[in-house]
Amino acid sequence: MTQQEKIDDLKTRLSEFMIRIEELEPEETSVEDIDHLISMLEELENKMNK
């Protein structure tokens with residue numbers, strides 16, 4: 001995967017993450033939802049470090 005492809009992939013994943021954050025309803029957000037968001041961030045971090 002080229003550097004540009006990695007950047008494009010990270011942008012896509014970050015966009016997906018932001019969409020999920022914006023769609024969250026605080027009153028309806030569960031611990032599992034937060035765990036999933038944290039997992040997404042960790043995955044982004046791992047991708048950036050490669």
Side-chain angles (χ1 to χ4, degrees):
M1 184 180 284
T2 67
Q3 189 70 17
Q4 186 59 46
E5 289 172 330
K6 287 180 183 178
I7 291 171
D8 291 341
D9 182 51
L10 288 171
K11 285 180 181 178
T12 301
R13 290 174 184 264
L14 185 56
S15 177
E16 291 170 1
F17 179 79
M18 294 306 297
I19 289 169
R20 286 186 184 248
I21 291 276
E22 290 171 357
E23 290 176 346
L24 283 178
E25 293 294 329
E27 296 83 25
E28 299 174 9
T29 303
S30 69
V31 172
E32 289 81 19
D33 294 330
I34 301 299
D35 281 344
H36 182 70
L37 291 171
I38 291 169
S39 294
M40 289 176 74
L41 283 175
E42 288 172 344
E43 185 179 328
L44 281 171
E45 182 179 19
N46 288 335
K47 289 268 185 182
M48 285 179 36
N49 291 330
K50 287 186 177 182

Verify the distance criterion only: is there a donor paired with an acceptor across the side chains of D8 and Q4 at less than 3.5 Å? yes
Nearest-0.5 Å distance that lies between atom CG in D9 and atom CG in L14: 11.0 Å
So how far is it from E5 CD to L10 CG, rounded to the nearest 0.5 Å? 12.0 Å
Do I19 and L37 land in one hydrophobic cluster if side-chain heavy atoms of ILVMFWY residues count as linked below 4.5 Å? no
Please determine, by modelled atom types, if S30 and D33 share a side-chain donor-acceptor pair under 3.5 angstrom. yes
Are the side chain of N49 and the backbone N or O of E45 linked by a donor-acceptor pair below 3.5 Å? yes
Report yes if some heavy atom in the side chain of V31 is under 4.5 Å from a heavy atom in the side chain of D35; otherwise report no. yes
At what distance, to the nearest 0.5 angstrom, does CD of Q3 lie from CD1 of I7? 5.0 Å
Atom NE2 of H36 and atom CZ of R20: how far apart are they, to the nearest 0.5 Å? 4.0 Å
d(I21 CD1, E23 CD) to nearest 0.5 Å is 10.5 Å
